[in-house]
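Report on the following structure.
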Amino acid sequence: METKTLILPESFYNRDTVNVARELIGKVLIRKIGGQVLSGRIVETEAYIAEHDPACHAYSGKTKRNEVMFGPPGFAYVYFTYGMHYCLNFVTEPDGVAAAVLIRALEPLEGIEIMKSNRNQEDIKNLCSGPAKLTQAMEIDRSINGIKLNGSDIVVRESSFNDFQVGISTRIGINKGVEFPYRFYQKKSPFLSRREK
DNA sequence: TAATGGATGTTCT
DNA sequence: GAACATCCATTAT
């Protein structure tokens, strides 16, 4: 009997970013903080690739803000935007290649009461249904930027439930690179940042 | 259900 | 000075 690796290895991220974004759908994000465990299924992602993608933060070269994207795969890139929000990405592709996957929505699994408190929100469908909502629910901020995945703060693992379809669309909230079909989501999930049409 | 505009601060031009 | 990988409350349909 073949044993299955539960935690996604660095090699999972050291690949084409679009494939990583698609295959992250259904995986489980685990946030460990203060002895507590918060977790959720990834139901929505987007790929950002500096080489040809003007919507990518690293498209115009390396800066203090985006330097983590230029580093090795399997690290967290967290940025601050719109004056009040944080967003979580996983760095992909080899060291020196700037690309990442934005985590846009989760289906809450563990620590739901803590997430409700963090979000001041009782509706489970409104805890992690957006990139800035899930960082608020999971207490992710600038201190997470540049940390290695699968360490003491954030772990990503396989899920035993894989009976779902993956939808593809253009990305949300951007003005450049709008034509790329780089958004992936679990079809029929009630926990997406936008309802399916 | 859809469209609008305000909140808020960091980064880049 | 402008833009920004967003969210929320308010208003209109």
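Per chain, numbering begins at 1; letters A, B, ... match sequence-line order. Computed from a predicted structure; not experimentally measured. Every heavy atom of this structure was used, including side-chain atoms; hydrogens, water molecules and symmetry mates were not.
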Hey, is A:Glu23 close enough to A:Arg15 for a salt bridge, meaning N to O under 4.0 Å?
-> yes
What is the distance, rounded to the nearest whole Å, between atom OH of A:Tyr86 and atom C1' of B:dT11?
-> 14 Å
Spacing between A:Glu44 atom CD and C:dT6 atom C1', to the nearest angstrom | 13 Å
Look at A:Asp16 together with A:Arg22 and state whether they make a salt bridge at an N to O cut-off of under 4.0 Å.
-> no
Provide, to the nearest angstrom, the distance between the CG atom belonging to A:Leu127 and the P atom belonging to C:dT6.
-> 19 Å
Taking for each residue the nucleotide of DNA chain B bearing the nearest heavy atom, is the 5' side occupied by A:Arg142 or by A:Met84?
-> A:Met84
Will you find, in the side chains of A:His57 and A:Tyr77, an N or O donor that is under 3.5 Å from an N or O acceptor?
-> yes
Of the listed C:dT6, B:dA7, C:dC8, the closest approach to the A:His85 side chain comes from C:dT6
With no hydrogens and no angle check, do the side chains of A:Ser11 and A:Asn14 hold a donor and an acceptor under 3.5 Å apart?
-> no
Spacing of A:Asp123 atom CG relative to C:dC8 atom C1', expressed in whole Å | 14 Å
Secondary-structure stems, DNA chain C, at least 3 Watson-Crick or G-U base pairs under 3.5 Å = B:1-7 with C:6-12, B:9-12 with C:1-4
Sidechain N-carboxylate O distance under 4.0 Å for A:Lys188, A:Glu196 | no
What is the nucleic acid contact for A:Arg183, judged by heavy atoms within less than 4.0 Å: base, sugar-phosphate only, or nothing?
-> nothing
Just the table, please: protein N/O against nucleotides 3-5 of chain C N/O, every pair under 3.5 Å.
| unit_1 | atom_1 | unit_2 | atom_2 | d |
| --- | --- | --- | --- | --- |
| C:dC4 | OP2 | A:Asn175 | ND2 | 3.4 |
| C:dA5 | OP1 | A:His57 | NE2 | 2.7 |
| C:dA5 | N9 | A:Tyr79 | OH | 3.3 |
| C:dA5 | N7 | A:Ala55 | O | 3.4 |
| C:dA5 | N7 | A:His57 | NE2 | 2.8 |
| C:dA5 | N1 | A:Asn89 | OD1 | 2.6 |
| C:dA5 | N3 | A:Tyr79 | OH | 3.1 |

Name the nucleic acid region contacted by A:Ser193, choosing base, sugar-phosphate or nothing; use a 4.0 angstrom heavy-atom cut-off, strictly under.
-> nothing
Ion pair check, A:Lys116 and A:Glu122, cut-off under 4.0 Å | yes
Side-chain N,O (A:Arg195) to OP1/OP2 (B:dT1) below 4.0 Å | yes
A:Glu179 atom CD, neighbour heavy-atom count above 12 within 6.0 Å | yes
Between A:Ser159 and A:Arg41: side-chain donor-acceptor atoms closer than 3.5 Å = yes
Is the count of non-hydrogen atoms from other residues, nucleotides or ligands lying under 6.0 Å from A:Asp123 atom CG greater than 12?
-> yes
Can you tell me the distance, in whole Å, between the CZ atom of A:Arg194 and the C1' atom of C:dC8?
-> 14 Å
